[in-house]
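Below: the structure, in structure tokens.
Small disclaimer: the values here were computed from a predicted structure and weren't measured. Within every chain, numbering begins at 1; the chains are lettered A, B, ... in the order of the sequence lines, protein sequences first and strands thereafter. These values consider heavy atoms only, across backbone and side chains, with no hydrogens, waters or symmetry-generated copies.
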There are 2 protein chains.
Amino acid sequence: MNPIQVGLLGIGTVGSGTFEVLRRNQEEIRRRAGRGIQIVAVSRRDTAAAQRIVGDAATVHADPFEIVRNPAIDIVVELIGGTTLARELVLEAIQRGKHVVTANKALLAVHGSEIFAAARAQGVIVAFEAAVAGGIPIIKALREGLSANRIEWVAGIINGTTNFILSEMRSKGLDFGVVLQEAQRLGYAEADPTFDIEGVDAAHKATIMSAIAFGVPVQFDKAHVEGITALQAVDIRYAEQLGYRIKLLGITKRRGHGIELRVHPTLIPATRLIANVEGAMNAVVVHGDAVGSTLYYGKGAGSEPTASAVIADLVDVTRLHTADPEQRVPHLAFQPGELHDTPVLPISEVVTAFYLRLVVADKAGVLARITGILAEHDISIDAVLQRESAEGEKQTDLIILTHNTVEGRMSAALAQMQALPTVLAPIVKIRKEELN
Amino acid sequence: MNPIQVGLLGIGTVGSGTFEVLRRNQEEIRRRAGRGIQIVAVSRRDTAAAQRIVGDAATVHADPFEIVRNPAIDIVVELIGGTTLARELVLEAIQRGKHVVTANKALLAVHGSEIFAAARAQGVIVAFEAAVAGGIPIIKALREGLSANRIEWVAGIINGTTNFILSEMRSKGLDFGVVLQEAQRLGYAEADPTFDIEGVDAAHKATIMSAIAFGVPVQFDKAHVEGITALQAVDIRYAEQLGYRIKLLGITKRRGHGIELRVHPTLIPATRLIANVEGAMNAVVVHGDAVGSTLYYGKGAGSEPTASAVIADLVDVTRLHTADPEQRVPHLAFQPGELHDTPVLPISEVVTAFYLRLVVADKAGVLARITGILAEHDISIDAVLQRESAEGEKQTDLIILTHNTVEGRMSAALAQMQALPTVLAPIVKIRKEELN
């Protein structure tokens, strides 16, 4: 059988990795897929740069629509990024009956419902293993490997840049700004790191995992998103003293009347495997009712790790593209028509434990007043740590770990505490999860 | 569409978990699979016990062949274990055109080639996610998720009993025999724990992963197998001092002229994520040329975790059983006819680093003589630790970590060292892997 014909839209870091791995491992991949997979066309505005990568092996186009409109192409791989041109290209490829493989989490988190509906109508596959956690086959695990389970929650370190920064802040005791500059110098953070450090990238990925885990539509606009820019080294130190690490987690959880979908810095017990994931690595914990907690770890970004996921999708599509669509795994794990319209809960209804750090006047009755306010709001305390104040110092740090509570209740308590004259600075609040 | 009809051969721990999870999550599973999955017949010698589990939901048979020969059954789930009756049942089910799901690693490691050939001839699927690492979808990850990669090696904690014992030996400083009794009392080890503690169970699983990773036939008879019965608490302590943990690993590695396939206690750096997998949990690290190292962690045994894998296979078969066999993932990841007959290397040709513990006479020249023997065999030393001997003591412990070497060379060096009059006890040798 002749090789399946693939067109790459965009050949930068991931595209050139995809080209190289397909070339290097073509024999191994053909032995698995039962058919060759060949990149025959690539697009890039800088055609000379593209030409240097592909040589004579593929045609080079400045206009990606030339690939999308080429009837010889069976599968289009979208690696352009962004949500405007990429959306147009993907929708047109689908309309023309082409299967699509994409690494574009923003596109799917925002326009996923439209894209999956179009794909269903045309009977084509949209595959997106590379969109979440790079080379880790987490989409396949969630969608197929754990299909027996009622998934209870998913929590992941799904942004390598922020995990690198947090690892450095902890191991070197440095503040966020200093480490960010180092990360940029080393290439772990982009020149404009906003999407990473503000949690947006993680939220795109959490949104996709949420849809697959619970059988709900993608709802990025409902996600609660906090980054790590406000995080201070002192809180990482206090957390450590209490036996916790702080990680930026993307979390989605099933609750009785809705779904939690949120990204924020989170204290997790230092003994958990995921707490020990350091540097730019990614890891996702999935908790299912039958299997319990499972964890998936690996490189979440980079040229060849992401290419690994893109090509796994190409192999899947190569196997299944002639099959009856009902034999395929549904895009969002659940059969179309079987998605539930479960609402995403507002952050005020989310349930977590909390780490609080208060700068308080070092005098009698302060702790009693603060714990009294928590008690009035029915928030119970798990641990308290008060820094010994230095000779002559008039203030100290008071750290409180609470048990689980509804966030709205905590906000009300915090407003009351913040108004106390003995509370001398804005209270720091970080959510805490046991993940067991 | 009417539900797909499943017959369970054997309804003990895993069978009753499968029955219960399918019942509890039937709605969730139907939403994913697009069709119901129903256990309509079960077999067990003690039919009354089976009846108590399934009630009126399924017919109960003392003779499993009644299920295999029932034309209404689409999929047979083999949970009987062993390699005699199970082989007959599986082969007859295949001959009758039924798909098979099995959790039986021994059966596949020993008779896999015969069974997969029969399945291919009949165009049926034999699925076996539950055979390796229980609820962790490692077969799917290896076979599909990482299909872009040339897999370089796989190393896993794939026996929960031995990992529980090693964790307890380390954390409590106890010897093997004591912890084994505790494990039996707690139900982590069976009354006859031979298959677990001698490494046979892990070798079955490593054999299956080896075949899938490298596209070779299952070759259990070529595996090198060592268990943990000879392991002493003192070596766990010395390893810890040097920054290592000792785990029973199943390892398979691609080498230029063959494949390594071995199970043995192994020192691994304490900073590796897999070194921190404690208790009865399992974890597998897969190293691919494109993706680098990925890790998969979860419960490797137990009723519902194993059922999770059995049912994931049932969902896959439900989706694909009407598809053209060429659209299915090949049993051993590579297309039939594309398996290579790469030999499994004898242990003398395996390359690892080593931990050595020698009880030596505490006098001048001993270290020089021993390191001299290593140098003569071209084995280079990574680290040396000599215990300070107590006042008046005439012997001491000498710990040596070597760099990588061929095992045959190490055996020759060890024979020479053992013959020295200053070496006072049998030398302890444990292999060491960096896993990076």
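- If you take CD1 on Ile274(B) and CG on Leu249(B), they are separated by 5.5 Å, rounding to the nearest 0.5 Å.
- Contact of Ala33(A) with chain B is made through the backbone alone, with heavy-atom distances under 4.5 Å.
- Rounding to the nearest 0.5 Å places CG of Leu339(A) at 9.5 Å from CD of Gln335(A).
- Residue Ile138(A) does not touch chain B at all, counting heavy-atom pairs closer than 4.5 Å.
- Scanning residues 282-293 of chain B against chain A with a 4.5 Å non-hydrogen threshold yields Asp289(B), Ala290(B), Val291(B), Gly292(B), Ser293(B), sorted by number.
- Only the side chain of Asn25(A) comes within less than 4.5 Å of a heavy atom of chain B; its backbone N, CA, C and O stay farther away.
- Around atom OH of Tyr188(B), no more than 12 heavy atoms belonging to other residues, nucleotides or ligands sit under 6.0 Å away.
- Note that the OG1 atom of Thr18(A) and the CD1 atom of Ile53(A) stand 11.0 Å from one another [nearest 0.5 Å].
- Annotation: cation-pi geometry not satisfied between Arg254(A) and Phe214(A) (NZ/CZ under 6.0 angstrom from ring centroid, within 45° of ring axis).
- Neither the backbone nor the side chain of Glu129(A) comes within contact range of chain B; no heavy atoms are under 4.5 Å apart.
- Residue with the most contacts toward chain B among Val277(A), Leu273(A), Val315(A): Leu273(A) (heavy-atom pairs, distance under 4.5 Å).
- Heavy atoms closer than 4.5 Å to chain B are found nowhere in His321(A), neither backbone nor side chain.
- For Arg328(A), the part lying near chain B is the backbone, with the side chain staying farther off; criterion is any non-hydrogen pair under 4.5 Å.
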